[in-house]
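In what follows, a single structure is set out as structure tokens and then discussed.
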Amino acid sequence: MDNPAGTAFHHAPTAMLVADHAGSVLVANQALTALLGHPSSEITGRPWPELFIPDDHGRAWEQHNRALRGTVSGPWPDLTLRTAQGRSQRTVVQAHPLPAAPGEDGPGVVVQMSVASRDEETLRIVTELRLREADTALWSLDLTTGELSELFGPSPLGRMLAGESCTLEDCLARVHRDDVARLRDALETSYQGRDYEQRFRMFDQVGDERWLYARATHVGGERPRLVGVVDDMTEHVQLVRRLADRRRIEAAQGRQVNELAAKLVSATTVQEVTDLLSKEFMPIFGGDGGHVLLLDQDELQIYPADTRDAGRWLHPGEHRDVSHPTGAVLQDRQLRFFESRSELLERFPAVEGALRRIGSHSWAFVPVFGDAKVALGVWVVAWTQPHHATPDERALMLTLAGLAGQALQRVNRQRAELELADAVQRRMLPPQPPDFSELDVAVRYLPARAGWRVCGDFYDAIRLPGRRIGLVVGDVQGHGVEAAAAMGQIRMAFRAYASNQSDPGTVLTETNRLLTETGEIVFATCGYLVIDVDLGQLQAAWAGQPPVVLATTSGFEVWEPETGPPVGVDAEAKYPVSSRSLPSGSTLLMCSDGLVESAEVNMDDGLAAVGNELSAKAADVHSAATALADLAPAGRGDDIAILVARVR
């Protein structure tokens, strides 16, 4: 063999060619002619970049020029050949300079074309499709030269971040100055053969700050490099920030609501209640104006008294007319929201003339009523811009209006100092429970006989969504006006939270938190039991109350739900929920400890006595309640609250 190197080149299995300095093909081997389907005579003399499809000419010439400059490095481009049969063939192209004599330009380049396997080609296609619309780029950093490149050519993210820059220093110049040192330190470890992973900020081509997450694997060899991926995390970071801001705002609003609700619960005058509704609650809902209309001897009084634009848009007599929103709300006690003037006019055309005198565009008309659903007035919130009230806003308005109604009832009971004892006693004794179609309920309250004492025992029965009913019995520790007032707060809080929470433990937890945030040193034992009539199931959250007694005509049992501490002691306390089935035909008893425990009678003996009595009268809750009140096994040294219930 005269020329072994030439023979090897000619018969090499990989398609190869040699081109001169201008790019013209000097010689092509058999593998290349077979790949193209053209004889060698049709290939030689042509610029080798023009063997590829027109879209790839530029990239091929770039490889040619880089080889002449001696700046060749991977990754190698993936270019498409056009064969004699008109087919396209994707190839990985590597161009290397031919050795030159000292002081002379390189005489040319040698080009090697490797046909990608079907799997490689498929992988490349899928990767390119994925990157085309994604905020991701695949990159490589030559650790010897500091040159950056993208594995599959420029991507949308790469163009946005780097543009024409192709060196590490160019890119670092646009990194946020607070992150540059950290990135350089991480790169130093990569020179020692370690992988790379960093999150950092970088300014893109238009000056906007972007959050990026870069990961890479170290690839060793003669020319060590990092090969990796960079993801644009800007939208994710912005979303996390928005969520964090929203949570902070919601937490602040929650604290504000709790503080104002505590003020509402403890308000002692009508003016305090109406000022809270018409002024201090406005920022929570973004309202621009508010007022309260309260019934006084069948006449409506407006608060604040100096309300002008928002409240006096109707003549006093018109407010009671059901053709106007306040009159309709007073009649059916249903809240009404209007997001626009047209919506209000569509429902109440009679207000057209009055609307010309005001600047509001959206309204909420919220009924204010007491425990017995007696209408006390209407709370009006107005917005000067169209406003959509969310379901959460509507529920919160109803809750606050309910608390306001109860506060107003309490205030009305404290009119005169001479009637203080009687007013507090009425507050302590809630109205008889409503007439439930699914449940018979009987209650009794027995004041202590050890002298006149205003006490804090309480009970309540609450209609819940579905065929569910909540029963509450509690005992505020201590005696006197403060204990009774705290009882009223706790009971109102129970009703407010129970109307919006299905979980008994959450109701107790929220009541406990509200009580602790009032700053008053008051605590209470209480039990909250929810009866699901359809499922025949009991759920209970307990805070130190005596257990539940379940009785039938054949006997009784004592159920002790898992208990937490009294409410008002620990602001962070949680209350577990205990569940069990309600035996068919059972009558249940909830009571304060005054019925079953005293200095002379331990609780086990007291529970046994009331259990036997309840079993004997299980079929009639009213007879059972009367019999238990007469029995009072622990004596009458303390006040007693009794609640007996039976599913019909």
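Computed from a predicted model, the values in this text were never measured in an experiment.
More than 12 heavy atoms of other residues, nucleotides or ligands shown are found within 6.0 angstrom of CD on Glu343.
Under 3.5 Å, the side chains of Thr525 and Gln545 contain a donor-acceptor pair of N or O atoms.
Residues Leu538 and Ile531 are in side-chain contact: their nearest non-hydrogen atoms beyond the backbone lie under 4.5 Å apart. Side-chain contact between Asp638 and Ser598 is absent, with no heavy-atom pair separated by less than 4.5 Å. In this structure, Pro633 and Leu595 have side chains that are in contact, with non-hydrogen atoms separated by less than 4.5 Å. In this structure, the side chains of Leu588 and Trp559 stay at 4.5 Å or more apart for every pair of heavy atoms. Looking at Val441 and Val621, their side chains never come closer than 4.5 Å, going by heavy atoms from C-beta outward. Counting heavy atoms from C-beta on, the side chains of Leu293 and His291 come closer than 4.5 Å. Contact of the Arg463 side chain with the Glu438 side chain is registered, since non-hydrogen atoms from C-beta on lie closer than 4.5 Å.
For the pair Glu235 and Arg242, the salt-bridge criterion is not met [side-chain N within less than 4.0 Å of a carboxylate O]. A salt bridge does not link Asp503 to Lys574: none of the charged side-chain nitrogens sits closer than 4.0 Å to a carboxylate oxygen.
To the nearest 0.5 Å, the span separating NZ on Lys617 from OG1 on Thr587 amounts to 12.5 Å. Expressed to the nearest 0.5 Å, how far CE of Met492 lies from CG of Leu403 amounts to 7.0 Å. For the atom pair OG1 (Thr326) and CZ (Arg336), the distance works out to 10.5 Å, reported to the nearest 0.5 Å.
Paired with Asp457 under the rule side-chain contact (heavy atoms from CB on, under 4.5 Å), one option of Asp639, Val473, Leu446 passes, and it is Asp639. With Arg580 as the partner, the salt bridge (charged side-chain N to carboxylate O under 4.0 Å, His left out) test is satisfied by one option alone out of Glu557, Glu562, Glu560: Glu557.
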Item to complete: Any chance you could lay out the side-chain contact (heavy atoms from CB on, under 4.5 Å) test for Val351 and Leu345, step after step, and finish with the verdict?
Response: CA-CA 7 Å; Val351 303; Leu345 287 172; 4.0 Å; yes

Worksheet entry | Candidate pair Met397 and Val381, rule side-chain contact (heavy atoms from CB on, under 4.5 Å), full reasoning | CA-CA 10 Å; Met397 284 184 178; Val381 181; 4.3 Å; yes

Worksheet item: Please walk me through it: do Thr626 and Arg444 pass side chain to side chain donor-acceptor pair (under 3.5 Å)?
Response: CA-CA 8 Å; Thr626 300; Arg444 297 290 187 274; 2.9 Å; yes

Worksheet item: Should Cys526 and Leu508 be marked as a side-chain contact (heavy atoms from CB on, under 4.5 Å) after you check the CA-CA gap, both sets of side-chain angles, and the distance that decides it?
Response: CA-CA 9 Å; Cys526 54; Leu508 260 186; 3.5 Å; yes

Worksheet item: Taking it one step at a time, do Tyr575 and Tyr528 satisfy side-chain contact (heavy atoms from CB on, under 4.5 Å)?
Response: CA-CA 11 Å; Tyr575 295 87; Tyr528 179 44; over 6 Å; no

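Using cut-offs of 30° and 60° for the angle between ring planes, the Phe494 and Phe458 rings count as tilted.
The side-chain tip of Arg394 points at the ring of Phe337 from less than 6.0 angstrom away and within 45° of straight on.
Counting all heavy atoms, side chain and backbone alike, Gln385 lies closest to Asp288 at N-OD2, 4.4 Å.
Shown here are the side-chain contact (heavy atoms from CB on, under 4.5 Å) partners of Ala551, two or more places apart in sequence or in another chain: Phe556, Leu614, Ser615. Scanning for side-chain contact (heavy atoms from CB on, under 4.5 Å) contacts around Ala524 gives Val476, Ile490, Val567, with sequence neighbours left out.
Without hydrogens or angle criteria, Ser592 side chain to Ala641 main chain gives a donor-acceptor distance under 3.5 Å. With hydrogens and angles ignored, the 3.5 Å screen pairs no side-chain donor or acceptor of Thr516 with any backbone N or O of Ala571. Distance alone, capped at 3.5 Å, is enough to place a donor-acceptor pair between the Arg648 side chain and the Phe436 backbone. Without hydrogens or angle criteria, Trp542 side chain to Ser578 main chain gives no donor-acceptor distance under 3.5 Å.
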